[in-house]
Amino acid sequence: GQWYGDTLQETLKSRVQEQLLATIQKFPLDAFEDHNFYDQLHRAQRGLDRRLFSTLGFLFRIPGNVVTVASLLLFTATVHPALPFILAAGSTLALLARVRHLRKEYILVRRQTHEERAKNYLESLFTERNAGPEIRVFALREPLLDRWSNAVHRLHAERMTLALDGLSLNLFADLGLAATYAIALV
């Protein structure tokens with residue numbers, strides 16, 4: 001089972017990547033001069049590597065989750081007619097709070113794409129063989145290292161701010177859910 005799933009994922013990823021590369025080749029050459037275009041390519045590749053399968057897994061679970069929620073709401077309605085509405089309202093507020101955080105995360109990733117790409121480029125300069133001699137000859141080690149370090153610190157600070165915001169938002173959502181359940185039990 002696991003081998004088949006992994007094989008299917010790799011096959012799907014290869015096909016999507018093939019389509020992405022074919023689509024990229026259709027763009028005019030001047031599009032490759034625009035850093036926004038490169039940022040989109042970077043996000044597309046990262047999304048292919050990180051998000052494609054989690055999104056597909058989420059989509060495949062939706063029908064089962066809908067049936068489960070509907071069944072639970074019908075069951076709770078047999079106890080008291082107001083229970084499904086109380087539970088739905090509390091759960092919706094928690095869901096909206098989490099969606100708000102995911103939107104902030106998306107905006108941050110989108111805003112950081114250019115700097116993330118620049119940081120990755122600087123990392124490749126330090127780790128690839130071809131750039132080493134030029135970095136030493138032209139004494140670029142310190143300025144490049146400073147640029148890389150500044151980018152890493154900025155990216156990290158913004159991500160930590162978002163993580164703390166998400167932590168407080170999730171705490172709020174969880175407290176809201178707990179209050180909803182307490183109200184439903186009373």
Side-chain angles (χ1 to χ4, degrees), residues 9-10 12-14 16-17 19-21 23-25 27-62 65 89-132 134-136 138-180:
Q9 283 184 357
E10 284 302 315
L12 180 61
K13 181 181 175 183
S14 295
V16 171
Q17 193 163 26
Q19 288 177 350
L20 177 65
L21 294 174
T23 302
I24 290 169
Q25 296 305 312
F27 282 92
L29 289 176
D30 60 337
F32 291 89
E33 301 296 325
D34 182 15
H35 72 87
N36 291 322
F37 180 72
Y38 275 109
D39 291 347
Q40 284 181 319
L41 291 178
H42 181 76
R43 282 192 301 271
Q45 184 61 47
R46 194 169 65 215
L48 184 61
D49 291 338
R50 295 183 184 170
R51 303 229 180 223
L52 177 65
F53 302 115
S54 63
T55 302
L56 287 175
F58 175 75
L59 289 174
F60 288 138
R61 288 190 303 267
I62 286 177
N65 290 341
S91 298
T92 300
L93 291 175
L95 177 67
L96 290 175
R98 289 193 171 105
V99 166
R100 181 175 173 235
H101 177 70
L102 289 173
R103 180 168 165 65
K104 285 181 177 182
E105 186 178 301
Y106 171 77
I107 290 168
L108 179 67
V109 166
R110 194 171 166 87
R111 190 176 70 238
Q112 286 187 338
T113 302
H114 182 71
E115 191 163 18
E116 180 76 29
R117 195 168 43 84
K119 177 191 74 81
N120 291 343
Y121 176 71
L122 290 170
E123 287 173 358
S124 72
L125 286 177
F126 284 114
T127 57
E128 290 178 4
R129 186 177 198 157
N130 296 336
E134 285 84 6
I135 289 173
R136 279 188 225 97
F138 296 110
L140 295 173
R141 182 182 179 278
E142 291 305 317
L144 290 176
L145 197 54
D146 286 344
R147 272 183 83 178
W148 175 84
S149 180
N150 290 337
V152 166
H153 286 50
R154 271 192 306 275
L155 292 168
H156 177 72
E158 289 177 352
R159 290 174 185 156
M160 287 304 295
T161 300
L162 180 68
L164 289 173
D165 179 58
L167 183 66
S168 62
L169 202 58
N170 281 333
L171 180 63
F172 167 74
D174 290 342
L175 287 174
L177 276 175
T180 301

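Quantities reported herein were computed from a predicted structural model and do not represent experimental measurements.
Looking only at side-chain heavy atoms (C-beta outward), Glu134 and Leu125 stay at 4.5 Å or farther from each other. You'll find the side chain of Phe37 stays beyond 4.5 Å of the side chain of Asp30, heavy atoms only.
His42 contributes atom NE2, which lies 10.0 Å from atom CD of Gln112 (distance to the nearest 0.5 angstrom). Remark: Lys119 NZ to His153 NE2 distance equals 12.5 Å, nearest 0.5 Å. The CD1 atom of Ile107 sits 11.0 Å away from atom CG of Leu102, with the distance rounded to the nearest 0.5 Å. In this structure, NE2 on His156 lies 5.0 Å from CE on Met160, to the nearest 0.5 angstrom. Considering CG of Leu122 and CG of Leu140, their distance stands at 11.0 Å, rounded to 0.5 Å. Taking CG from Leu144 and CD1 from Ile135, the interatomic distance works out to 5.5 Å, rounded to the nearest 0.5 Å.
Counting non-hydrogen atoms of neighbouring residues, nucleotides and ligands closer than 6.0 angstrom, the OH atom of Tyr121 reaches no more than 12 such neighbours. Enclosure of atom CZ in Phe126 by more than 12 non-hydrogen atoms of other residues, nucleotides or ligands within 6.0 angstrom is indicated.
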Between His114 and Asn36, is a side-chain contact (heavy atoms from CB on, under 4.5 Å) present by the stated rule, with each step listed?
CA-CA 8 Å; His114 182 71; Asn36 291 322; over 6 Å; no
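Among residues at least two apart or in separate chains, salt bridge (charged side-chain N to carboxylate O under 4.0 Å, His left out) pairs with a member in residues 152-171 are Lys104-Asp165, Arg111-Glu158, Glu115-Arg154, Glu116-Arg159. Among residues at least two apart or in separate chains, salt bridge (charged side-chain N to carboxylate O under 4.0 Å, His left out) pairs with a member in residues 90-103 are Arg98-Asp174.
Counting all heavy atoms, side chain and backbone alike, Leu177 lies closest to Ala94 at CG-CB, 3.7 Å. When every heavy atom of Thr113 is checked against every heavy atom of Asp39, the shortest pair comes out as CG2-O, 3.3 Å.
Using modelled atom types, one side-chain atom of Thr161 and one backbone atom of Ala157 make a donor-acceptor pair closer than 3.5 Å. Side chain of Ser149 to backbone of Asp146: no donor-acceptor contact under 3.5 angstrom is found.
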